[in-house]
Amino acid sequence: MPIQTRLTVLGPLGGHPTGSGSGTDVAVTAPEGTSLADVLGALATAAAPGSGVPGAVYCEGRRLDPRSTPLGHPPLVDGAVISLHRPADAPSRVTPPAARLMVVSGPDAGGVHLLHGGEIRVGRSAGADVPLDDPDVSRLHCVVNLAPDGSLTVADLGSTNGTTLDGVPVTADPVPLRPGALLRVGESALRIVTGDGPPEPVTDHAPALPGPEQTAAGRPARRWGRRRAGATASARPERTPLPEPPPGDWPDPAGVLLTAVESGPRLWENDPSGRPPFTVQVGTVPRAAGPLYPITVDLTAAGSLGLAGPGERLTGLARWVLAQLAVLHPPAVLEIVAVTPGLAREWSWLGWLPHLRPLRGQDCRLLLAFDRRQAAARLRELTERLAAPPERAPGGAGPSRRTVVLLDGDPGGSEQHEAVARLAAHGPQAGVHLLCLARTPPATPASPLADTLAAARRETPAVAACGTVGLLSGAMATTVRLVGPDGEPGAAATADAVSPAWAERFARSLAPHGQPAGAAPGAPSVLPDSCRLLDALSLSRVTPVALRERWARRSGLPLVLGTGPQGPVTVDPARSPGPVLVEGPPGSGRTELLCSMAVSLAAAASPADLALLLVEGSKDGLRPGAELPHTACHLDARDPVRMRAFAQSLRAELKRRAAVLGDREFTEHAVSGGVRRVVAPRPAGRSGEPPESTEPPMRTPVCGPLPRLVVLADDVEALLDPPLGAPGRQAAGSVIRALRAVAEEGNRLGVHLITTAEPGGRPAGLRIRLTGRPPGRAELLGKDGSLPVFQAGRVTGRIPRTATLRPTVVPLDWTRAGDPPARRPVRELGNGPTDVALLASAATRAAQPDQATAASLV
């Protein structure tokens, strides 16, 4: 199965980059095991046409050996940045830093600066050692000194708004700085942590892609006016009495970045220290003593969250909200959808997050909408979900997977506005929460909060349905106040915001994560129109040795159905409380899926441990599965005598197993006894008349462990309601009663049923619903709701021409990431065996180890 890895390529100086910065984002699609050397020329052409194959390649400051560096494995994983000919940055120090300065709160939060000693100047100037985009910070605000013995001091540099250390003002005379103490400059809070740090710099102002519009420190060269003395009091957070702080250990932006970059233990930690899940911090209130007081919003209680304010300050706060959700909730729990028409530049960084992969089978590369057509598609997918029952978490506490929809900008016409209104009103009950942004002037004494709230509702009508609205206020929009449903504003707090460079570094760090257990590195997130089952089984070469190795490491009854957005989709019928039901309209691929299930089971267990019974009500589509050595019977509905013999033999086998097991549950290799199998029906005569039924219905008993028995029944509807004149009409009832007995008591006895219609008895435990668009597209349904869709594997086709896929390198256009993916049609070779015949031949030889070994020695 091919893998896809998204990289950024930095060309040599003087090259011709095509990306928005100085690098080119590309998607590399290649078979598993492809080395960097195989695509190096194409990468160089994408970054700088005509530059030729580079003599050196670097990733994160380390030189790579292209021939021994495989794609999809560290360091060449999603989000990686490679540089051609020379390192992207100057070589970083390898000496561990003595301390780290972390910007834990404020308008430019999230920075992590490594301190190696000497003087560190903090200020708003680009020439400062720690530059802060905080309008209340002076150009050179304060200086921190790290002595050789590890002691720290801090002194103010004559700043306008002063410096405080744990609430105590700092003068021009250096004072001791205790590690962990809270240092406040302007509206920003800093904390210094001692100890070993990472070997390379981890800062929000050193992005992976420094652009020409940025300063030497890597941050956009914006100039904010210093706050006038007369405006200071009105814009600072109000020192109003606060209730008890909310429970839990709340993350700060710097800690969140370190968690993402270093894959810390808090990555995707849903509920630490009693903190409610899906709760975000929007700001902090400084206190005279103790830690900062967090101002939080619980999305499950608020339903949706609205944010209003001017431009970059608003998007900085929204970036921080989304980053918190992404770092604390895995993609299996949280889905993020961005509906931001015309704002690709501001929000394309979200495309690196694994939470935007279309795990529900949406017809797009990523859950992004950067134009109105994409917005209409995303909103249609979301509103359709409102009509379906939500996926419930274990215990019924709420939806098992929630969706946060970022809404920034005009989504389109009246139909799209109506869809947004429906999502705002009814989405929270289905686990869909809106994050609505309204670009308005900040609230000031000249523009009260009520006027700003009214302006936000006019700008984005969905804000009116949000349970909580955060309004940015103050002359520089660095303060946030939350307004609840009652319209009363809460305490004023310093708004936490992160820069675009911080957000991109954060998202790239999470990009390689999010692959479920068992998924291939770099597995594509877009479902193909066709899936070869042997690829999903990772059987590139079907040999007896490979099958015997799989049989030896089997646990349970693994059944690979096909491929999902992030790899193979596997279920275990042995753990299902009832039969497996395969539903779908004609032409949707039901029979092909049943054949694939038979092949998948045969690849998982040896004929000594597993027997298959194939039953067909009217057609003959399961006959390819009869070639498998595991198949003990292939029964159709044209022979009433054999149908009755099959039913009698199957019911007798259930009674015999019940007698052997007693009150015990079936356990593989734990119960020994006589094993009898149903005899396969003899072929029909030349004239088409039913064959003679002279053979005994049971084989001679064989002593050994009880094998599992799986009954795959297709066209069961023809047995439940056989048409007039059908040859097997009189015996159909006996087969249905036998299948009903398997559904009722078979699981306890090691006999499992996979059927296209419920014969009665115990209801289905697993449901597979084929949609037919395209053929083989299916959804896996359980008692708790729908799981991600998948493309069912195919086994009866010839070997496809795309089995030998050549690596491709395609530049990424983020504006088109929300479009349906371009899919290559699968073409068969037209000759050679089918995949089921390949596996049946190898399985037959693998079941005879002596013969297989002898043949391999010839």
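Summarising the geometry of Pro833 relative to Leu838, their closest heavy-atom pair is CG-CD2, 3.6 Å, with the distance given to 0.1 Å. The shortest non-hydrogen separation linking Leu753 to Ala743 is CD2-CB, 4.0 Å.
Proximity of a side-chain donor or acceptor of Arg657 to a complementary backbone N or O of Val751 within less than 3.5 Å is not detected. A donor-acceptor pair is defined here as one N or O able to donate and one able to accept, closer than 3.5 Å; no such pair exists between the side chain of Ser600 and the backbone of Leu559. Ser841 places no side-chain N or O within 3.5 Å of a backbone atom of Ala837 that could act as its donor or acceptor partner. The main-chain N or O of Pro277 is never found under 3.5 Å from a side-chain atom of His329 such that the two would form a donor-acceptor pair. Remark: the backbone N or O of Val795 is paired with a side-chain donor or acceptor of Glu592 at under 3.5 angstrom. In this structure a side-chain-to-backbone donor-acceptor pair under 3.5 Å is missing from Thr34 to Ala30. Between the side chain of Glu616 and the main chain of Gly621, a donor-acceptor pair closer than 3.5 Å is present. Side chain of Thr563 to main chain of Gln791: no donor-acceptor pair is present (N/O by atom type, distance under 3.5 Å, no hydrogens or angles). No donor-acceptor pair under 3.5 Å is formed between the side chain of Ser649 and the backbone N or O of Phe646. A donor-acceptor distance shorter than 3.5 angstrom exists from the side chain of Thr771 to the backbone of Arg777, with no hydrogens or angles considered.
Sorted by first then second residue, the salt bridge (charged side-chain N to carboxylate O under 4.0 Å, His left out) pairs that include residues 562-574, not counting sequence neighbours, are Asp572-Arg575. For the ring pair (Phe, Tyr, Trp, His ring centres under 6.0 Å) condition, the pairs that include at least one residue of residues 544-596, sequence neighbours left out, are Trp551-His630. Screening residues 725-734 for side chain to side chain donor-acceptor pair (under 3.5 Å) gives no qualifying pairs among residues at least two apart or on separate chains. Contacts classified as side chain to side chain donor-acceptor pair (under 3.5 Å) and involving residues 739-766 (residues at least two apart or in different chains) are given here: Arg708-His752, Asn747-His752, Glu758-Arg767.
At a threshold of 4.5 Å between non-hydrogen side-chain atoms, the residues Val660 and Lys655 do not count as touching. Two residues are said to be in side-chain contact when any heavy atoms from C-beta on lie closer than 4.5 Å; Met643 and Leu635 meet this criterion. Between Thr403 and Arg360, the closest side-chain pair of non-hydrogen atoms falls below 4.5 Å. Ile3 is not listed as a side-chain neighbour of Thr29, based on a closest heavy-atom distance of 4.5 Å or more. Two residues are said to be in side-chain contact when any heavy atoms from C-beta on lie closer than 4.5 Å; His634 and Leu613 fail this criterion.
Evaluated for a side chain to side chain contact (heavy atoms under 4.5 Å, CB included) with Leu533, the options Thr796, Val836, Asp835, Val599 yield exactly one hit, Val599.
Under the 30°/60° scheme for interplanar angles, the aromatic rings of His355 and Trp268 are found to stand perpendicular.
Here the CZ atom belonging to Phe790 is positioned 6.5 Å from the CG atom belonging to Leu770, to the nearest 0.5 angstrom. A distance of 5.0 Å separates CG of Leu547 from CG of Leu839, quoted to the nearest 0.5 Å. Distance check: Leu367 CG to Glu381 CD gives 7.0 Å after rounding to the nearest 0.5 Å. To the nearest 0.5 Å, atoms CZ (Arg638) and OG (Ser618) are separated by 10.5 Å. Once rounded to the nearest 0.5 Å, the distance linking CD1 of Ile754 with OG of Ser576 reads 9.5 Å. Rounding to the nearest 0.5 angstrom, the gap separating the CE atom in Met597 from the CG atom in Leu612 is 12.5 Å.
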Distance-only criterion, 3.5 Å: show the donor-acceptor pairs between side-chain atoms of residues 711-724 and protein atoms not counting sequence neighbours.
residue	atom	partner	partner atom	Å
Asp714	OD2	Thr591	OG1	2.7
Asp715	OD2	Lys619	N	3.4
Glu717	OE2	Arg590	NH1	2.9

Working note: Phe666 + Leu749, criterion side chain to side chain contact (heavy atoms under 4.5 Å, CB included); need CA distance, chi angles, decisive distance, verdict. CA-CA 5 Å; Phe666 178 88; Leu749 306 175; 5.7 Å; no
Verdict with reasoning, Leu781 to Ile768, per side chain to side chain contact (heavy atoms under 4.5 Å, CB included): CA-CA 6 Å; Leu781 306 173; Ile768 301 171; over 6 Å; no
What verdict does the side chain to side chain donor-acceptor pair (under 3.5 Å) test give for Glu653 and Gln648, after you've listed the backbone C-alpha separation in whole Å, the side-chain angles of each residue and the deciding distance to 0.1 Å? CA-CA 9 Å; Glu653 178 66 14; Gln648 293 172 2; over 6 Å; no
Please assess Arg385 against Glu335 for the test salt bridge (Lys or Arg N to Asp or Glu O under 4.0 Å), listing each intermediate value before the final yes or no. CA-CA 13 Å; Arg385 199 181 306 169; Glu335 174 186 73; 3.3 Å; yes
Please test Arg550 against Leu537 for side chain to side chain contact (heavy atoms under 4.5 Å, CB included), starting from the C-alpha separation and ending with a verdict. CA-CA 10 Å; Arg550 294 175 66 95; Leu537 292 172; 3.7 Å; yes
Side chain to side chain contact (heavy atoms under 4.5 Å, CB included) between Leu610 and Val710, worked out: CA-CA 8 Å; Leu610 173 70; Val710 179; 3.6 Å; yes
Evaluation steps, salt bridge (Lys or Arg N to Asp or Glu O under 4.0 Å), between Glu583 and Arg769: CA-CA 5 Å; Glu583 304 172 303; Arg769 184 171 58 203; 5.8 Å; no
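With sequence neighbours left out, Thr543 forms a side-chain contact (heavy atoms from CB on, under 4.5 Å) with Arg541, Val545, Ala546.
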